Amino acid sequence: MKHLLLTGCLLLALVTTLPAASAGSVVSEQAAPSATPASEEPGGNRQVLLARLTRASLRESAEVLDQLERSGGRAMRGLFAAMLAGDLYYHRETGRLMAVQKNPAGERIGSDIFTGEGLGVQSRGSIKKVRVNNRLRSHLRDAIARIDLMHGTEAQKEGAVLAILDDLSPQNMRLLQVTADAGQSDRVSELIELARAMVELRDSSVTDARLSAIAVMSGRLEAPVRNQLQRLLDDERESDRKIRIAAQQSLEEIEGRIAFYDFMEQLFFGLSLGSVLLLAAIGLAITFGVMGVINMAHGEMIMLGAYTTYVVQQLMPGAIEYSLVVAVPAAFLVSGSVGVLIERGVIRHLQGRPLETLLATFGISLILQQAVRTIFSPLNMPVVTPGWMSGVFAINPVFSVTFNRLYILLFALAVFALLLVTLKKTSLGLNVRAVSQNRDMAKAMGVRTEMVDAMTFGLGSGIAGVAGVALSQLTNVGPNLGQSYIIDSFMVVVFGGVGNLLGTLVGGFSLGVTNKFLEPATGAVLANIIVLVCLILFIQKRPKGLFPQRGRAAE
Amino acid sequence: MNVKKFVAGMALAAGTSVLSAAVMAADTIKVGVLHSLSGTMAISETTLKDTVLMMVDEQNRKGGLLGKKLEAVVVDPASDWPLFAEKTRELLTKEKVDVIFGCWTSVSRKSVLPVIEELNGLMFYPVQYEGEESSKNVFYTGASPNQQAIPAVDYLMNDLEVERWVLAGTDYVYPRTTNKILEAYLEAKGVDKKDIMVNYTPFGHSDWQSIVADIKKFGGAGKKTAVVSTINGDANVPFYKELANQGVSAEDIPVVAFSVGEEELSGIDTRPLVGHLAAWNYFQGVDSEANERFIQEWKKFTGDEKRVTNDPMEATYIGFNMWAKAVEKAETTDVDAVEQAMIGIEFPNLSGGVAKMNKNHHLSKPVFIGEIQDDGQFEVVWETDGLVAGDAWSDFLPGSKDLIADWTAPIKCGNYNTKAKACGGQGQ
Amino acid sequence: MTTVEHNRSLFGNLAGALAQLRAPGEGSSLLVAILLGVTLLMSAANLLLPAESPLYVSTYTITLMGKYLCFAMLAMAVDIVWGYCGILSLGHGAFFALGGYGMGMYLMRQIGDRGVYGNPDLPDFMVFLNWQELPWYWQGMDQFWFALLMALLVPGLLAFVFGWLAFRSRVTGVYLSIMTQALTYALMLAFFRNEMGFGGNNGLTDFKDMLGFDLQADGTRVALLMATALLLALTFVASRAIVQSRLGRVVVAIRDAEPRARFLGYRTEGYKVWLFVYSALVAAVAGMLYVPQVGIINPGEFSPLNSIEVVVWVAVGGRGTLYGAIVGALLVNYAKTRFTAVMPDGWLFALGTLFVVVTVLLPKGLAGLLQRGRTTDAETRGENNTGEVSAGDAPAEPITGEARA
Amino acid sequence: MNVTAQARELLRRDTTWPFLVPRQRAVDVSHQVILYVEGLSVSFDGFKALNDLNLYVNDGELRCLIGANGAGKTTLMDVITGKTRCDSGSAWFGRNIDLLAHDEAAIAQLGIGRKFQKPTVFEAHTVYTNLELSLKGSKGAWSALTAALTGEQRDRIDRVLETIGLVNARYQLAGALSHGQKQWLEIGMLLAAEPRLLLIDEPVAGMTAEEAERTAELLTSLAGEHTVIVVEHDMEFVRSIARTVTVLHQGAVLAEGTMDQVQNNPDVIEVYLGEDA
């Protein structure tokens, strides 16, 4: 502790005396030997600081970074960015800092942080990572924001100003002033104007000025705006009634808008949950809905799809971005062929005894689970989310849509559409429908019913596998994956009406949306229970689900 | 098929399998392993089974104990809680094991407890848990809340200046108790009730959209916010994935978890999670010679270069070695003798320092806070100055603040009331 | 060693006896006799013989046997509705667990101030969650008769309401099965909630005594086993009486041709509801006996997978025959116990394969095997196969229409 | 009506509460008509299965219903037996019983028996048990639990067995019977229930000529004591038993009269041009 304090004092001295040369010599006593000649040059301090960075404790680093920012400014962005990303290493012997990234072959490729010049492959033992923690990361982020404010792209500038809204210190305001003076786009200027208004409201004592500041802030969705208004209203010392009323109105308007976006958000969450349910259920809608097999191994088909994704990613580590594109057909094939095997091996022998298929497929699901445990270990497997699927699409500060959910929603709809087309337009689909409606007649017409059965089951299983690919992006890839979806899947299919694909679609989405709209009021568990109870009651009303199979010969 | 033959065949098959299990040399010391190898908990517990097997191997290479070889008896309670009780009874009465290493979930421990007390067995429980328990027949080598939760909150409060708290957990006893303790602790530290958000989710919860959005909103109120997560195993992966997707970074809202270790991380792509925290008594990343050796041995034992180690493994390791030491000290495997010999036994931690078994059957261990790295490991960013002694009874719960556990004479009691000076609770 | 011989003799006897079944009446009495006899012998061997004796039966075996018999009763309950009435319930675990919770609450209250916190009124889990007073639904559960009543009333009522709703609206086949599954799933989620006041995930455990008898004493365990055997025998006889009465025949008629029965003037939903309630009560009794013997009840018992497993026991034993359900439950559970000990890493393979093989090769389960044996015997002896035949021979599959629709 | 008025209504001393009034079971046929069907309409998804149909059947009559597929024969039976709800119209059993207010089981207990198109018997039961379950009497679950056959009931079953010619098969499982035997068993089950009105859907489908002849005899012998309505495609069979024939077309009555009258009816000829006639 004492030691730390001492270092702290030294650093303080360092900061105050900068750029006095004497400080450099203080440092250089403990710094790397390579720093000696450099200390004479203008950039000498920087070299010293960089060298210090490699040895500093996490606490010291922050100070060093501040000095680096002051000394280097824009030039330091690369360094900071590399450090923020955790890519900053230094050579154990030379002490040279470099950004290190792995190439697809797994080799560590170094590059100079300032020039970007390639430094070749680095062996694992020769380089060491520059330590970084949360505190430093937020420090770095702020520093980068400050640099970006001056020199960044439009989006970076916007982000930087937004970050500053949280911390309207005089120093930051001066920075904003400089930025504004340099002339900015409308959006950035608007944000800077907002920041000024917030400061005005906070610091000014002139009622009119403050009122017009509130007018500027009105309707803004940025969290700091809302927080400031809320704080103002909570503050007992704020006695100006006009201000209070204006702030109150402004806050109400903001909250009104937020309520709308909250609703949109919940709707999206519901649709997204619905798409997951749809994906999970859609394969079952074939195996169970069309073929009448109570397929308890359906969940395991999903699981196989997810594991296929994992294997595909292991096989193509250099092309994670494309792995999902490969995984979708691969999962379809893997799960589909396992499905065909199950149909040929077991279900075929249970023709016309659907309840018994429940028991046999239950056994199969146990076997598949244990097989996966034996082959892959019982642990969850890491499946990487490709870059294009991560991140959010921010519509405004309170409403954003995550890309992976969005893609999965679209994917679910696409799979559904494709399946519908397959069943309606292809000869396989025709055969499937023929067999499911009247097996004997179809047989008499020359349809190879056995073949069709195997293909149908394979199709349903394959689609379950495809669902597994999508689910691997959201949840555990482990032996229990299937079990967590099997019950929901059955609920969706039964709710929609067995044998009706459209019912599955509507069922999945309505269950998802209901669940998500209940959740804020009741909590996740109770929402789930309520949905189940409603489902039970619904089936009393419509014993054949949402879209029952019609016809005179219903008995 | 001839029915009689078939049934007789079944009976015979069943009989022989029992025989083969029973025909075993009596001159071994039997070590029962009671970890789920199937069902929902297999994901965590299988590792511990392997750890015990590795320890047994190692001990046998060293010549066993008291001149006898150790023999592991592995059963699968299949994540089925009543089955835990049944298997315990089987281990103790049929297999006559001398010690059991087992359980993970609280409910499995609670299920086993009456049986192990009735039959006077000995069990080592290696997982962090909610506390509020001390049995004569159980040694708790995992962390109790004061060895994990409270230091973690201290760290967030002092080092990260967190002012607003989200206590998110799976709805079961461990999170409930831990959060109760934390709430009391935070309130004692002057945190406003408004600044604490408590949220419970069901087991295996997979749709975290709304909750993560709520956390974001809660964290957008202008004060530094952190999430204290007692979310259980399986639900963590979708939780972290959702955090990453909604762009909640560790710099904005750090999440500190008590149930997420290296093993759980091995199932997640950790790059978007860098900087989130976990509190444990051990991290694989801790630099020490003993740890390095242990990791190498583990990789060799499992034949998997990528296998990771974690805190419950260390707890198993310490427990096993302490037991071995105690057996040698007592020169018998008799439960009562070993139980008494255990108290005060010391054994070096893998993370440096020496763990000590206290009178309340809990360990004194160091506490570490680690940050998640992009390679699925943790980087230690904070550690306690010395050892923290595990509390069987929390000081922050009204029902248990007067209770202590002390298994030495003259108290010899797991729930001794210091006010009433009597054994047997009477907490209210 | 001792259990080996014992188990072998037990199953040997059972199997032999079953193989000799000629008419269901005789065979059933035989089953009851064996059941009671074996239990009595085991009990005596446990209590009277010294532990060193080769014939000694360990308390472990006693408890295990008790558990098996509870499962057998549960399986029988499922068989009554499924085998005889074609109602495939994938949620019978719910009634079992509710009965168990009723008993568990009584046992919990019996702990009194012997809990770890020494609180005379509140169970431990309420103390550490800072509950101040006992919730209303825990009142009165310290009285055995009341707890008993509740443990029957609640599942009975639930079955009645559910059955009344479902059967009146003519929910059948797969829809019904999935609804029962939803029912138990919803209950599981509800009981997992700590706010419900049933101990959440940990459930109720650490019981001390029952009616003043120490639950850990050998004598109590033996008594519980005997009570279980007796009640199993009783429910078996009662169920047999029901299925052989005209009511039973109407029920089978409903299973095979419900519209026909309806057009003959039978209000089929009424029959189904009462049968369902009866079956739920049997399941609840099984649950009540199960809890003191295994020492814990928790929401896991509501898990839909558990209920599916029960159906599998029935299928293995042979549905539509009461003894088949009992034998199925005993066999599968015995196999599970053995497999989990002998091959802990691979037992699911064995169990899964068993299910597949039984369903594919033995559609009527083991009982079907026996019947087949019997029929061939009879045919070779040139007898006229016109005797009363058990309901298991029914070829019709009521669900077919719906599922194939 | 407000609450007090309702309460007053409930407490009126000059009336008994509706649920205490004993259900009147006996059908009133004082006008010789046992079945009144008036203005009945049923539609499925826009398809009009019955379209303002009127039908009157006299007590003790043997009536044949003919018509092409989709003419509404089975739907009519469904409505009469309570299986299908109608959109409009009325159906009375005698003068006093509104069939539309009862469900299948109640209608069956009132004395209307129905035989399905496809023979439906309890295949897992013996022929004897099938008949036993069909006997007239209390059909409640509780009484079934303790029910035992009285001597009278045994006699009744024996008589039915003779009538349908299955005396020797009495202990056979119904599932093991031939198709024709199943048809008879089903008719026998109706007889055992002693109904006033029998609705019989295609009784001779799948029967040999000889069997059909015996069936015709059976049905004609039933008329008088029972009222019988037969739906049949087999015109030969209809001719052999029919006294009055009703022709249905597109959910409404096209013609009614004796076989000859109907066959010479220009409407019928137009609709069934070239068919059977």
Side-chain angles (χ1 to χ4, degrees), chain B residues 1-4 6-8 10-12 14-15 17-22 37-38 74-78 80-83 85-87 89-90 93-94 105-107 110-111 113-115 118 130 132-133 171-173 176-177 180 200 202-203 397-400 403 414-415 417 424-428, chain C residues 1 3-5 7-8 11-12 14-16 18-19 58-60 63-64 67 113-119 122 124-125 127-130 189 192-194 200-203 205-207 215-216 290 294-298 300-301 331 334-335 337-338 340-342 344-345 347-348 366 369-370 373:
Chain B
M1 193 190 289
N2 186 320
V3 182
K4 286 176 200 168
F6 176 76
V7 175
M10 290 281 282
L12 201 69
S17 59
V18 180
L19 268 173
S20 63
L37 309 178
S38 56
V74 180
V75 289
D76 178 14
D80 175 356
W81 319 131
L83 205 56
E86 182 188 315
K87 290 289 161 192
R89 198 174 282 279
E90 181 180 338
T93 60
K94 262 181 72 182
T105 57
S106 291
V107 53
K110 291 275 184 208
S111 172
L113 207 58
V115 179
E118 176 198 338
E130 68 276 5
E132 304 297 295
E133 186 182 305
D171 189 2
Y172 74 109
V173 184
R176 287 260 171 193
T177 317
K180 277 263 182 304
Y200 292 107
F203 277 95
L397 292 178
S400 63
L403 297 183
N415 53 350
N417 192 311
Q426 272 126 43
Q428 294 268 315
Chain C
M1 283 295 265
T3 43
V4 182
E5 283 161 14
N7 282 322
R8 192 194 296 172
F11 286 106
L14 261 180
L18 288 172
S58 70
T59 313
Y60 165 69
T63 318
L64 205 59
K67 191 176 102 167
D113 60 3
R114 286 169 293 173
V116 292
Y117 297 104
N119 189 307
L122 297 185
D124 284 343
F125 68 87
V127 178
F128 73 57
L129 290 176
N130 278 345
L189 291 176
F192 264 129
R193 282 162 50 89
N194 274 284
N201 176 49
N202 276 14
T205 177
D206 205 16
F207 309 130
L215 273 177
Q216 317 215 320
Y290 174 78
V294 302
I296 183 169
I297 175 79
N298 73 72
E301 300 297 337
L331 264 183
Y334 178 71
T337 306
R338 293 276 12 119
T340 47
V342 176
D345 288 314
W347 67 276
L348 276 178
L366 295 175
L369 205 64
L370 289 176

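Just so it is clear: chains get the letters A, B, ... in the order the sequence lines come, proteins before strands, and each one is counted from 1. Values in this document were obtained by computation on a predicted structure and should not be read as measured data.
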### Task
Decide yes or no on side-chain contact (heavy atoms from CB on, under 4.5 Å) for B/Glu86 and C/Leu64, but give the supporting numbers first.
CA-CA 7 Å; B/Glu86 182 188 315; C/Leu64 205 59; 2.9 Å; yes

### Task
Can you see which heavy atom on B/Tyr172 is nearest to which on C/Asn194, and at what distance?
CA-ND2, 3.5 Å

#### Entry: Closest heavy-atom pair and its distance - B/Pro82, C/Asn298
CD-ND2, 4.3 Å

### Task
Measure across B/Asn415 and C/Gly115 and return the closest heavy-atom pair with its distance rounded to 0.1 Å.
ND2-O, 4.0 Å

#### Entry: Side chain proximity check, C/Asp124 to B/Glu133, heavy atoms < 4.5 angstrom
no

#### Entry: Interface residue of largest heavy-atom contact number with chain B, from C/Gln216, C/Glu301, C/Arg114, C/Lys67, under 4.5 Å
C/Gln216

### Query
Which one, B/Glu132, B/Lys87, B/Glu90, leads in non-hydrogen pairs under 4.5 Å with chain C?
B/Glu90

### Task
Decide yes or no for B/Trp81 and C/Asn201: does some side-chain heavy atom of the first lie under 4.5 Å from some side-chain heavy atom of the second?
yes

### Query
Is the closest side-chain heavy-atom distance between C/Ile296 and B/Val107 below 4.5 Å?
yes

### Task
Could you look at C/Phe125 and say if it's the side chain, the backbone, both or neither that has a heavy atom under 4.5 Å from chain B?
neither

### Message
Minimum heavy-atom separation for C/Asn130 and B/Pro398, please, with both atom names.
### Response
OD1-CG, 3.0 Å

### Query
Which residues satisfy the side-chain hydrogen bond (donor to acceptor under 3.5 Å, both in side chains) test with B/Thr177, sequence neighbours excluded?
none

### Task
Quick one: which of C/Leu215, C/Thr63, C/Thr59 has the most heavy-atom pairs under 4.5 Å with chain B, could you say?
C/Thr63

### Message
Taking side chain as everything from C-beta outward and backbone as N, CA, C, O, which of these in B/Phe203 sits under 4.5 Å from a heavy atom of chain C? Side chain, backbone, both or neither.
### Response
side chain

#### Entry: Pairing residues for B/Thr93 by the side-chain hydrogen bond (donor to acceptor under 3.5 Å, both in side chains) criterion, not counting sequence neighbours
none

### Message
Within the 4.5 Å heavy-atom criterion, are C/Trp347 and B/Leu37 side-chain neighbours or not?
### Response
no

### Message
To the closest 0.5 Å, what do you measure between OG (B/Ser111) and CD1 (C/Ile297)?
### Response
11.0 Å

### Message
Heavy-atom cut-off 4.5 Å, strictly under: side chain, backbone, both or neither for B/Lys110 against chain C?
### Response
both

